[in-house]
Each structure stands twice: as C-alpha cells, then as structure tokens.
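Every chain is numbered from 1, with letters handed out A, B, ... down the list of sequences. Predicted model, so just to flag it, every value in this text is computed and none were measured.
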Number of protein chains: 2
Amino acid sequence: MAVQTSEKPSARKRLVADRARRTSKADQVYTEIKEAILSGALAPGGAIDKLALCAKLGVSRFPVTAAINRLAFERLVVIEPQHGSFVAKIAANDVREWMMIRRALEAEIAAEAARGLPAETQREIERNLRYQQAAAEAGDVAGFYVLDVEFHKLIVDGMALRHAREILDGLRSHLERVRRIALSPPGRLPSAHAEHKRIFDAILSGNGADAAAAMRAHLDETTATFERIAVQNPENFIG
Amino acid sequence: MAVQTSEKPSARKRLVADRARRTSKADQVYTEIKEAILSGALAPGGAIDKLALCAKLGVSRFPVTAAINRLAFERLVVIEPQHGSFVAKIAANDVREWMMIRRALEAEIAAEAARGLPAETQREIERNLRYQQAAAEAGDVAGFYVLDVEFHKLIVDGMALRHAREILDGLRSHLERVRRIALSPPGRLPSAHAEHKRIFDAILSGNGADAAAAMRAHLDETTATFERIAVQNPENFIG
DNA sequence: GCGCCTGTGCTAGCATGCCAGACGCTAGAG
DNA sequence: CTCTAGCGTCTGGCATGCTAGCACAGGCGC
C-alpha cells in the first residue's frame, strides 16, 4: 500500500547539522502516541492496537514498535509480552512521589538560581509573570496553565540544567495526565500567580534558602490540588 | 519432523508473574552492552559495531538495535543516523549536574526517612554500617564501594520510592563510569563511613532537617572527590 | 452436567532483506 | 601540487514474513 514517492536526491550538500533536526518516522509515531496518552485520548489501562496505528499513520510495524518501547521505558505504557501493550494506569501514590521529586529538584534549582540568574532569563520571567497576572484576572485557566509550565521551565533552562530539565519534563508528562482529568478551580489562579511572584522575588534577592522555601510552599499547594483531583475522581486512579 | 517431546503439559498453572521475570533477547543484549559501557570496556566516544555484537551474541540485528535505542534514551550512547552509534562522552559539567540532582533528591528522601523508617530497613542499614566499618579498617576500597551504593539504596527502598529509585539508578550508572576511572583514595573510607553513620543517626533521631543536612554534607564531599578525578584525568572528559 | 484439554485467534519478539544517507578514498582536472 | 567530483562501502532506518507464547472458547471425556 504505502506508495513511497521518493523525491529526487537533488541537493548533494552535506548538512551535518540536519542530522539533529532530522525526524525519523519512529519519532513521529512516538510523538503521536504520547500526545494521545497525555491528552487522555488513550485512557489509562486501555489497550494500544499496533496494527490500527500502522494503518492510521501509514507506516510499518517497526516504527510503532520502537515508539512503544520508548514509551514503555518512560513508564507511560506497559508491555505484557505475548499479550499486548497498554496505557499505564495512574496510582495515587505515584502522584505523591512525583510531586516529592519535583519539590526536591525545583527547590534545589531555585536556591541555585538565587546565586545568579542570567539577565535574559530574568526579563523572560518578568514578562511571563505579567502574562500570568493578565490570565489570572481574566480567569483563563487553560492559558494560565501554559504560562505556569513555562515559568518553571524558564528557571531550569536559565540555569542550563539539561538533565534536570529532562527529568522534570518526564515527571510533568505523567502529572499532565492527572491534570487533564480536572482543571484547577479558577480561584486558584491569583494565588498561584502570587506564589510564582514570591519565588521570583526570592531568587532576585539572592537568598537561596528563601527561594527554596518559596518553591516548596508553591509545590506543596500544587500537590494539595492534585490530591483533591484524586479524591474527587477516584475512578481514574488505582491504589 | 523434529518431534518436540513437549514436556508433560502437566503444570497448567498460569504463572502470570513469569511474564515479568521473562527476559527477552533484547534485554540480555541491553544488559551486556550497558555492563561493557559502565565497566569501561567500551570507552567514551568509542564506536559500537552492531554487526560484531550480533555475531558475538548470536542474535540478529533486531535485539541489538532495540537495546541500543534504549541506551540512547538514557543517554549512555549517541546514535548518529546513517553514520553510527557511539558511547556517550562525559562532560565535567554533566557530573556536577548529576551530583546536584542526587543531592537534592537524597536529601529530601533522608528528611522523609527521618519521619519514619521501617524497622526492617533500620536493621539492614545497621548491618551495612558495621560491614562498612570493617571494609574501611581493612582498606578494601572495592568492597567499601559496594556497601556505599547499598547504603544509599537501602534508604530509598525502605521508603518504597520506586520512581526516585529509578532516577537515582540512572544517575549512578553515569557516575559509575566516572568512578571507574579512578577509585577514591583509601584515606577517604573512614570519613565516608563516619558521614554515613551521621546520616543514619540523624534519621533515627527523627530530625528531618538534620538528616537532610548530613546527606548534603556527605554528597558534597563525594562531589569534591569526583571533581578531583576530573582534574587529574582530563583526557577522559570533555568540556 | 462438569471439567480438562485442545484448537483458534490474537499479541509481541525476532530474522532478514532492502533503501537511503554519510564518509572516505581515489582519480582526474585545473 | 591542490582541489574536487564521483564512486564504493559502511551505517542506521524501515518493511515484511515468520515464530512462539498467551487467552479464550468450544469440544471431548468423565
């Protein structure tokens, strides 16, 4: 089926940089499935039909298998040999542990940031905080969430912490599934914005302990929100 | 043809648990290569010859490709499409970041442990500390290292933190490569044992802040050791 | 009527063959 | 002598066919 219309090999230019940019089919399938899991289109515990995916995406089983293996590695899917692949379920205990890890890491990073954050990053965070305020005042929950995620990423990226960034992204991808179940109440927005501002001010003041404490307080609030979601939607959780 | 004397179908017991125990060829290859990388048999920057591995392990390219993909996912190897697969190099900056993440996580866990560690775990740690003392007095660097790793794992496992355990194992696998380059000087052993004991005592005392501080102090010392290794063996590092 | 056994339809795991891209060497042109 | 174009060879990416193991259901013996 899949009619491979191979284009002309025209340009013989050696673009080594393209190697990084190049996106394999396996990558595309990976992104596709991950998106579906995070958005909830594939429900926790649901089976993943490889052949249907092959047909839908017009690729062979190889890229699909590779993608699912990668997702299994980051614990978003569970592979049962000779049986099937399933979207991982969410345990309430896991949510607590993920948030504990986030708290430990981000508090440490906030303390580190207090010892010096690039000026460029500072400007970006200031802009982000202004947008947060606007979104909070408008009651734009979805918009605020995007800014919220960006705020946390800006600090990590500003400190050029590649590995911490990857770990936190992995945690967030799990937590994102929980958040999808129920958005925070609009009333939470102004306080979240205030907490973010407190973190940023502490970082600017150069007091690492204060910055860490502010980050801890903020993430403890977030954890409480997740707990509420779990309590109010027990059908989506195990344990 | 080949009369497969299928054993007695007797045992009809469905051992679902076996599914988890089952080890695929890809798993075996993965373990094999990872071991080679961590032990230094495959040097940083070195090329990985897939076909040689296929021949050596008597499998086709499929399990090897899957294994290398997994290793690339945890950043132990780098795949350059249409070019080759190489053992990841070690950057001095990465070592600092890995240790920062360890410090943040393990300090948090120590604080958590101070709020209550299972009695069984306490006994195991006490035993471990006695062995540490013996190894330190005997100047058994290699033996002490095994106990050192076990000490840190015991605390995490005692708190039943699966995800933190995985993250820390991943970090340790990277750091293990650095440590292989140069073992700690024997003179470090008694102080390391003393630091471990201080951590454990703080945990038992129930003071979370003390436990976290003790863990931080210990890991800062360890970081200093890594820094020395990097300075004394610049040829093994980039950046 | 009940339970074990076997057949059937699924799955993931694996082997293999082919393709396209990236290097490196060499030969030929300037 | 130098530079470049081209070809050979190596690599990873992908498609596809086959194997083995699990689950479930229906048939056979009891």
Rounded off to whole Å, could you give me the [atom1]-to-[atom2] distance for the [X] and [N] pair?
X     : N      : atom1 : atom2 : result
A:D49 : C:dA12 : CG    : P     : 8 Å
A:H83 : C:dG9  : NE2   : P     : 18 Å
A:L53 : D:dA15 : CG    : P     : 14 Å
A:L51 : C:dG13 : CG    : P     : 14 Å
A:F86 : C:dA12 : CZ    : C1'   : 11 Å
A:L57 : D:dC14 : CG    : P     : 13 Å
B:N69 : C:dC14 : CG    : P     : 14 Å

D:dA15 phosphate, OP1 or OP2, under 4.0 Å from A:K25 side-chain N/O: yes
Would you say C:dA12 has OP1 or OP2 under 4.0 Å from some side-chain N or O of A:S85? yes
Mapping B:G84 and B:F62 onto DNA chain D by nearest heavy atom, which one lands closer to the 5' end? B:G84
Which nucleotide in the list [options] gets nearest to the side chain of [X]?
X     : options                : result
B:R61 : D:dT11, D:dG12, C:dC18 : C:dC18
A:V59 : D:dG12, D:dT11, D:dA15 : D:dA15
A:S60 : D:dA15, D:dT11, D:dG17 : D:dA15
B:I79 : C:dA15, D:dA15, D:dG12 : D:dG12
B:Q82 : C:dA22, D:dC14, C:dC14 : C:dA22

Taking the six-membered ring of B:F73 as reference, does the NZ or CZ atom of A:R70 fall below 6.0 Å from its centre and within a 45° cone about the axis? no
Compute both the distance and the angle, then confirm whether A:R179 meets the cation-pi test with A:Y145: under 6.0 Å from the six-membered ring centre, within 45 degrees of the axis. yes
Which part of the nucleic acid, if any, lies within contact of B:A26, taking any heavy atom under 4.0 Å across all strands shown: a base, the sugar-phosphate backbone alone, or nothing? sugar-phosphate
